[in-house]
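Down below is the structure, laid out as structure tokens.
Because the structure is predicted, anything quoted here is derived from the model rather than measured. Below, chains carry the letters A, B, ... as their sequence lines are ordered, and counting in each starts from 1.
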Amino acid sequence: MDAKADQKTSAATATAAPAAKNGERQSERVIIRTVGLKKSYLMKDVVTEALRGVDVEILTGEFISVMGPSGSGKSTFFNMIGALDSPTTGRVFIDEVDVAQLTAEELAYLRCHKIGYIFQSYNLIKYMTALENVTTPMAFGGVMPDEARERGMDLLDVVGLKERWHHRPIEMSGGQQQRVAIARGLANRPSVLLCDEPTGNLDLRTGQEILDILKRLNTDQNVTIICATHDHRMMNICDRLMWIRDGQIERLARRDEVHIEVGSIGGQTE
Amino acid sequence: MKQIDIAEQPWLGLRRTVGITADGIRYRLFRAAVTVAVIAVAVAFLMNILGESLIKRAVARNTRERITQMRLIYDWSARLTNPGSLESVLSELAANEPGQDRYREMQQMAGLDDARMAAFHQEARLARRYLGFFASLDYAKRRDAIHTAEGMAIFERLRSASGMEQFRTAMSHIKSVRFVTSYEDLDAFLARGPELLATAQAVLDGRRRAIAQVGRTLRQEPVLQALVRSEGDLGQVIREAGFVFPADTVAPVVAEQAQRLLDVLHLEETMDSEKCRQLLAQQGNVMPADVNVVMMWKYLDNPRFAARYLERMRESGVVVNSLTPERLVDLAKARDENAALLQAERLTMDAGKGFMGLGERLVWLLFVSMLVCGIGICNAMLMTVTERFTEIATLKCLGALDGFIMLMFVLESAILGIVGGCVGAILGALIALGRMLAAFGTNFVSAVPVTELLVGMVASVAMGMLLAAIAAVLPSYQAARLAPMEAMRIE
Ligand SMILES: Nc1ncnc2c1ncn2[C@@H]1O[C@H](COP(=O)(O)OP(=O)(O)OP(=O)(O)O)[C@@H](O)[C@H]1O
Ligand SMILES: [Mg+2]
């Protein structure tokens, strides 16, 4: 019941008035913390160590970019901190609650209300229309159908797919599917948004729009955003950058620190 | 500021669940159709077996009634000449319910009041139970228990101390068979034996008197001939002698059948005339010497042939009484119908035994068919679940409860089960009807037990639905319990 009240009082994403936000955080509360996080996959006697001991603290309201070469373990890291998979060893704390201690129902609640996921491979439900895909998490969260429909249309409007609400995933391009996935990730106004390459399939303009949306969510509603990306524009808007290589954190730095060194980091330019 | 306060997840309403499930089915229509087909075939098999045995049982019941009716003439010509035996009196009584014709007749003839008649009836039934028990023993056991005694002689034998002794020892050796009542009850029954026999004897005496009385009126006239007049004076005579011979139900049937039997006998005699033989020989393309009764009956239901046959009979000087071509056709038809009845009786000999009248073999078949049904549905559901692991994982990422995932699959399965079950039940019933029609002919259409069949169909549909739902429980439970990404990995 708390959750519903919460949802009703918070304004819709698209219409939120911009609020002042300077570099300083009002709160320094840790929202996600990992301790000695390791994950290895066993496939036919071959053990792949996807994560080899990740310790990181993510603060409420932070915007973090996660970078790293393909196969470095970004998606695996996302699955762990999103309570979608269980680590081989190590722990994940979300809001200081050990995820491993939660019951199935509590996990479902967590995934439904508190965390929004935007998957690298979209993972849209094939037999649902764009709108139904967006409203499904709302239905699981107990939102009434009429309200869910209204909010779903608003979200589709935000990602520019309002006219295509009745299309099924196979009737949409990759970029459009990705945008539906983004709208779905925002469905229950999560406090943490995990995005795995949210702009990977989008053209520059749409990509920029999505980045703007993410930034607005972050500034206006203090949503914690963790974003795996190869998109350099992300570096302009994030608070911290995190590099992962071979399942370990190679580097974790504030954006302003990085900017100073920009010329010296592997010749990367913006 | 948003806080993470973890509460329990609410349930998604049943209507939304059904909606999502139905969308899923619609999207995978082909897959669903295959599953439905599997279920339909299985349920059709089930329904077919059930339907055939229900129809068979109904036809058997119907046949028995109609055969009793058809044999009324034989029955009554025997009753008016032969009083029967003590044993036949008892078994006749045991087969009747209080208030039925034969029951009332025995009561009248033995001059018993209602209470004593009821007691007599009970005793007769008990005697039938005991005799049935001895009849069910195999030869060796029977020999051990009662030596070679048969019928009423069994009771005679058991009444003697040595006979009883032998029976009790034999029974104590036979572990596999239980005696129908306690031995005390048997002792008590045997003690009442003389009384029972005396009553049965009284019935027999009554019958003898009645037969004699009818015989005096008949003088030398053959009974069959006389029974043609059952509706008139003879019926009155029979009733006055003490028989229960209802004027409105039994008498007209007996009269008609007597007339028919006489006509048939007469007609079959006519074949001896040269002209009729020639006609039949021509028709059947055989030598006149090879002409037989069966041939005559085969052609007689054709009116044109019947007319010609009558003409030839007249030409050759045979007395044709009141025979007309229409009558000949009627006789042939009645003969066919009786043959069909007897055929049906043979075909339904084994009906009505075992679970729900299914017979031992059918119960086994039913069990196997349910097994096949279950395995087929299990397989279909297993495939449906495994090919949707990605979807399950995604739904779980979005906050679906394990219970919702399970419910979704169980519901889907149940819906497919209902659809497949309906198709299968209708198919199975139709096949059963068709097969029975082929076996018994149109003679028994009125005997088809419509209500029983409908109940059977509903039961089959429920069966298909239940099996489907149960089959979905295990795979969906396993899938629902996995962590989302674990499920996503399984492909
Ligand atoms: N299900 C799996 N089974 C076995 N190994 C896996 C599995 N998933 C990932 N891995 C391995 O774990 C490592 C990390 O994979 P991950 O998907 O996290 O990489 P990533 O950083 O997301 O790459 P990309 O940028 O291409 O998405 C890889 O070496 C991969 O081969
Ligand atoms: Mg990845």
Side-chain angles (χ1 to χ4, degrees), chain A residues 1-4 6 10 26-27 29 31 41 60-61 75-76 79-80 82-86 94-97 102-115 117 119 123-129 132-133 136-137 139-142 145 168 184 187-192 221-224, chain B residues 1-32 384 387-408 412 477 479-491:
Chain A
M1 288 296 111
D2 264 7
K4 261 188 207 164
D6 180 32
S10 75
Q26 286 98 339
S27 155
R29 258 159 47 93
I31 191 157
Y41 297 108
T60 311
S75 297
T76 311
N79 293 343
M80 295 301 137
L84 299 183
D85 206 349
S86 43
I94 297 179
D95 213 29
E96 291 307 318
V97 179
L102 297 180
T103 64
E105 283 81 11
E106 288 167 338
L107 274 175
Y109 182 89
L110 187 76
R111 291 172 191 145
C112 185
H113 293 279
K114 297 301 167 186
I115 307 180
Y117 306 90
F119 298 100
N123 290 352
L124 297 178
I125 310 272
K126 289 191 284 279
Y127 55 84
M128 293 183 180
T129 63
E132 283 167 348
N133 262 295
T136 300
F140 291 141
R168 291 179 204 280
R184 186 179 67 180
N188 280 332
R189 297 177 186 132
S191 1
V192 179
Q221 289 174 38
N222 209 17
V223 175
T224 311
Chain B
M1 262 269 286
K2 291 194 178 178
Q3 301 269 317
I4 293 181
D5 59 317
I6 290 155
E8 307 241 320
Q9 177 81 336
W11 259 95
L12 191 62
L14 190 69
R15 255 188 61 204
R16 302 295 305 278
T17 313
V18 173
I20 292 179
T21 312
D23 280 344
I25 295 176
R26 228 175 298 138
Y27 184 76
R28 281 179 294 267
L29 210 56
F30 182 71
R31 149 113 273 158
T384 315
E387 75 177 4
R388 291 170 66 183
F389 269 124
T390 315
E391 185 192 324
I392 295 174
T394 309
L395 286 173
K396 282 200 73 171
C397 292
L398 301 181
L401 289 170
D402 296 0
F404 166 79
I405 304 279
M406 276 187 70
L407 187 65
M408 194 171 94
E412 169 168 340
Y477 174 71
R481 257 187 354 164
L482 291 174
M485 282 305 145
E486 272 174 63
M488 196 92 79
R489 275 197 292 278
I490 302 172
E491 283 292 343

Among the options B:Gly403, B:Pro484, B:Ala393, B:Gly24, pick out the one with the most heavy-atom pairs lying under 4.5 Å from chain A.
B:Pro484

I'd like to know which of A:Ala187, A:Ser86, A:Ala139 tops the heavy-atom pair count under 4.5 Å against chain B.
A:Ala139

For chain B, the option from A:Asp85, A:Thr224, A:Thr136, A:Ile125 that forms the most heavy-atom pairs under 4.5 Å:
A:Asp85

For B:Arg481, check salt bridge (charged side-chain N to carboxylate O under 4.0 Å, His left out) against everything at least two apart and list the hits.
none

Just how far is it from atom [atom1] of [X] to atom [atom2] of [Y], taken to the nearest 0.5 Å?
X: A:Ile115; Y: B:Leu398; atom1: CD1; atom2: CG; result: 12.0 Å
X: B:Met485; Y: A:Phe119; atom1: CE; atom2: CZ; result: 4.5 Å
X: A:Leu124; Y: B:Thr390; atom1: CG; atom2: OG1; result: 12.5 Å
X: A:Met128; Y: B:Glu391; atom1: CE; atom2: CD; result: 7.0 Å
X: B:Thr21; Y: A:Tyr127; atom1: OG1; atom2: OH; result: 7.0 Å

What are the two closest heavy atoms between [X] and [Y], and how far apart are they?
X: B:Gly399; Y: A:Cys112; result: CA-CB, 3.6 Å
X: A:Arg111; Y: B:Lys396; result: CD-O, 3.4 Å
X: A:Asn123; Y: B:Thr394; result: O-CG2, 2.9 Å
X: B:Ala400; Y: A:Ala108; result: O-CB, 3.9 Å
X: A:Leu84; Y: B:Ala483; result: O-CB, 3.7 Å

Cut-off 4.5 Å, heavy atoms of chain A, and the answer for B:Asp402 is side chain

B:Leu395 versus chain A, heavy atoms under 4.5 Å apart: side chain, backbone, both or neither?
both

side-chain contact (heavy atoms from CB on, under 4.5 Å) partners for A:Thr129, two or more places apart:
A:Leu131, A:Glu132, A:Arg168

